[in-house]
Trainee: 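Got a structure here, written out as structure tokens. Questions coming.
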Amino acid sequence: MTTMQELMDRLPQQGQVTWIGVRPATRQPVSVVTSVMAQRGSGLSGDRFKARRNDREVTLIQSEHIDSVASMMGTSEIQPETLRRNVVVKGLNLLALKGKRFAIGGAILQYTGLAHPCSRMEEALGPGGYNAMRGHGGITASIESSGTISVGDKVHAL
């Protein structure tokens, strides 16, 4: 019989990076990039969170959740930069990374928590945007080992 811990530790799926963005400053447009340097203790190159909180150096969201939020908001699609996350991943349940280290490209990250929506989602998505994002905001991570993250890179648990 398989234990709950064994089930939670089994994560053979790999995801793939489909989009990367950095937020240079509060209320400034997100800069969309094809690759970014992830520096341990400094965050993502060009991102405003690099000097603030190590437990939130990188934010990740599932592309499947972006589609869900778009559906709840009655629109066909939402551009990733609207949600102000750093990395969009498809094909992997990011919540399954809880308590785990994981690799993206040349970088090693550590799951640190959930990326909860902020009140700006009402501005960005319209009335109900905050509630549409609840439970779909993605995760936060710290950088354990520096490396480059690029669109197309695989994402997998270590």
Trainee: Between Asn86 (side chain) and Gly21 (backbone), is there a donor-acceptor pair under 3.5 Å?
Mentor: yes
Trainee: Is Thr3 reaching over with its side chain to a backbone N or O of Glu6, donor-acceptor style, under 3.5 angstrom?
Mentor: yes
Trainee: Going from OG on Ser68 to CE on Met133, what distance comes out if it is rounded to the nearest 0.5 angstrom?
Mentor: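 These two atoms lie 11.0 Å from each other.
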Trainee: Exactly one of Leu109, Leu95, Thr112 should register a side chain to side chain contact (heavy atoms under 4.5 Å, CB included) with Ile139. Which one does?
Mentor: Leu95
Trainee: So Leu7 and Asp9, side-chain contact (heavy atoms from CB on, under 4.5 Å) or not? Walk me through it.
Mentor: CA-CA 5 Å; Leu7 290 172; Asp9 288 343; over 6 Å; no
Trainee: Of all the heavy-atom pairs spanning Ala38 and Ile143, show the shortest one and how long it is.
Mentor: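 Closest pair (atom of Ala38, atom of Ile143, distance): CB-CD1, 3.7 Å.
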Trainee: Under 4.5 Å between side-chain heavy atoms, hopping through other hydrophobics if needed: is there a path connecting Ile149 to Ile108?
Mentor: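 No, it is not one cluster - the side chains of Ile149 and Ile108 are not joined through contacts under 4.5 Å.
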Trainee: Give every residue pair that meets the salt bridge (Lys or Arg N to Asp or Glu O under 4.0 Å) criterion with at least one member in residues 136-146, sequence neighbours excluded.
Mentor: Arg101-Glu144
Trainee: Under a 4.5 Å side-chain heavy-atom rule over Ile, Leu, Val, Met, Phe, Trp and Tyr, are Leu94 and Val151 clustered together?
Mentor: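 Yes.
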Trainee: If you take all heavy atoms of Ser45 and Val36, which pair is closest and at what distance?
Mentor: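 Between these two residues, the closest heavy atoms are O-CG2, 3.5 Å.
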Trainee: Quick check against the 3.5 Å criterion: does Gln16 have a side-chain atom that pairs as donor or acceptor with the backbone of Lys154?
Mentor: no
Trainee: So how far is it from Gln28 CD to Arg84 CZ, rounded to the nearest 0.5 Å?
Mentor: 8.5 Å
Trainee: Rounded to the nearest 0.5 Å, what's the gap from CD on Glu77 to CG on Asp67? Could you check?
Mentor: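 One gets 9.0 Å once the value is rounded to the nearest 0.5 Å.
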Trainee: Roughly how far, to the nearest 0.5 Å, is CH2 of Trp19 from CD1 of Ile66?
Mentor: 8.0 Å
Trainee: Working to the nearest 0.5 Å, report the span between CE of Met73 and OG1 of Thr82.
Mentor: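 Taking CE in Met73 and OG1 in Thr82, the distance rounds to 11.0 Å.
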Trainee: For the backbone of Gln39 and the side chain of Ser42, can you confirm whether one donor and one acceptor N or O come within less than 3.5 Å of each other?
Mentor: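 No; zero donor-acceptor contacts below 3.5 Å.
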Trainee: Can you check whether Gly138's main-chain N or O pairs, donor with acceptor, with Gln62's side chain at less than 3.5 Å?
Mentor: no
Trainee: Let me see the working for Val22 and Val32 under side-chain contact (heavy atoms from CB on, under 4.5 Å), right down to the final yes or no.
Mentor: CA-CA 7 Å; Val22 292; Val32 179; over 6 Å; no
Trainee: Checking side-chain polar atoms at under 3.5 Å, does Thr59 have a donor or acceptor matched by the opposite partner on Thr140?
Mentor: no
Trainee: In this structure, would Tyr111 and Val88 fall into the same cluster of hydrophobic residues linked by side-chain contacts under 4.5 Å?
Mentor: no
Trainee: Which heavy atom in Arg56 sits nearest to a heavy atom in Ala115, and how many Å separate them?
Mentor: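 Nearest heavy atoms, Arg56 then Ala115: NH1-CA, 4.4 Å.
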Trainee: Scan side-chain atoms only and decide if Thr26 and Arg48 contain a donor-acceptor pair under the 3.5 Å cut-off.
Mentor: yes
Trainee: Would Tyr130 and Leu125 show up in the same hydrophobic cluster when neighbours are defined by side-chain heavy atoms closer than 4.5 Å?
Mentor: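 Tyr130 does not cluster with Leu125.
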Trainee: Using modelled atom types only, decide if a donor and an acceptor are shared between the side chain of Ser142 and the backbone of Asp55 within a distance under 3.5 Å.
Mentor: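 A pair under 3.5 Å: no.
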Trainee: Spell out, as yes or no, whether a donor-acceptor pair under 3.5 Å connects the side chain of Arg40 to the backbone of Ala107.
Mentor: no
Trainee: Examine Ile61 and Met72 and state if one hydrophobic cluster contains both, with Ile, Leu, Val, Met, Phe, Trp and Tyr joined whenever side-chain heavy atoms are less than 4.5 Å apart.
Mentor: no
Trainee: Please walk me through it: do Val155 and Val17 pass side-chain contact (heavy atoms from CB on, under 4.5 Å)?
Mentor: CA-CA 7 Å; Val155 181; Val17 175; 3.9 Å; yes
Trainee: With a 3.5 Å distance limit and no angle check, can you tell me whether Asp153 reaches the backbone of Ser150 through a side-chain donor-acceptor pair?
Mentor: yes
Trainee: Is the backbone of Ser71 close enough, under 3.5 Å, to the side chain of Thr75 for a donor and an acceptor to pair up by distance?
Mentor: no
Trainee: Step through the shown structure and confirm whether more than 12 heavy atoms of other residues, nucleotides or ligands are within 6.0 Å of NZ on Lys90.
Mentor: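 It does not: Lys90 NZ has 12 such atoms or fewer within range.
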Trainee: Between atom CG of Leu158 and atom OG of Ser145, what is the distance when rounded to the nearest 0.5 Å?
Mentor: 10.0 Å
Trainee: Could you check if a side-chain atom of Ile20 sits within less than 4.5 angstrom of a side-chain atom of Leu44, using non-hydrogen atoms only?
Mentor: no
Trainee: What pair of heavy atoms forms the shortest contact from Ala157 to Phe102, and how long is it?
Mentor: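 Heavy-atom minimum between the residues: CA-CB, 4.0 Å.
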Trainee: Ion pair present between Arg23 and Glu81, side-chain N to carboxylate O less than 4.0 angstrom?
Mentor: no
Trainee: Determine, step by step, whether Leu11 and Gln13 satisfy the side-chain contact (heavy atoms from CB on, under 4.5 Å) criterion, reporting the C-alpha distance in whole Å, the side-chain angles of both residues, the deciding distance to 0.1 Å, and the verdict.
Mentor: CA-CA 6 Å; Leu11 188 59; Gln13 295 85 5; 3.4 Å; yes
Trainee: Evaluate the side-chain proximity of Glu123 to Arg27: yes if any heavy-atom separation is below 4.5 Å, no if none is.
Mentor: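 They are in side-chain contact.
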Trainee: Examine distances only and state if a side-chain atom of Glu57 and a backbone atom of Ala141 form a donor-acceptor pair shorter than 3.5 Å.
Mentor: no
Trainee: Tell me, do Leu92 and Leu97 make a side-chain contact under 4.5 Å, heavy atoms counted?
Mentor: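 A side-chain contact under 4.5 Å exists here.
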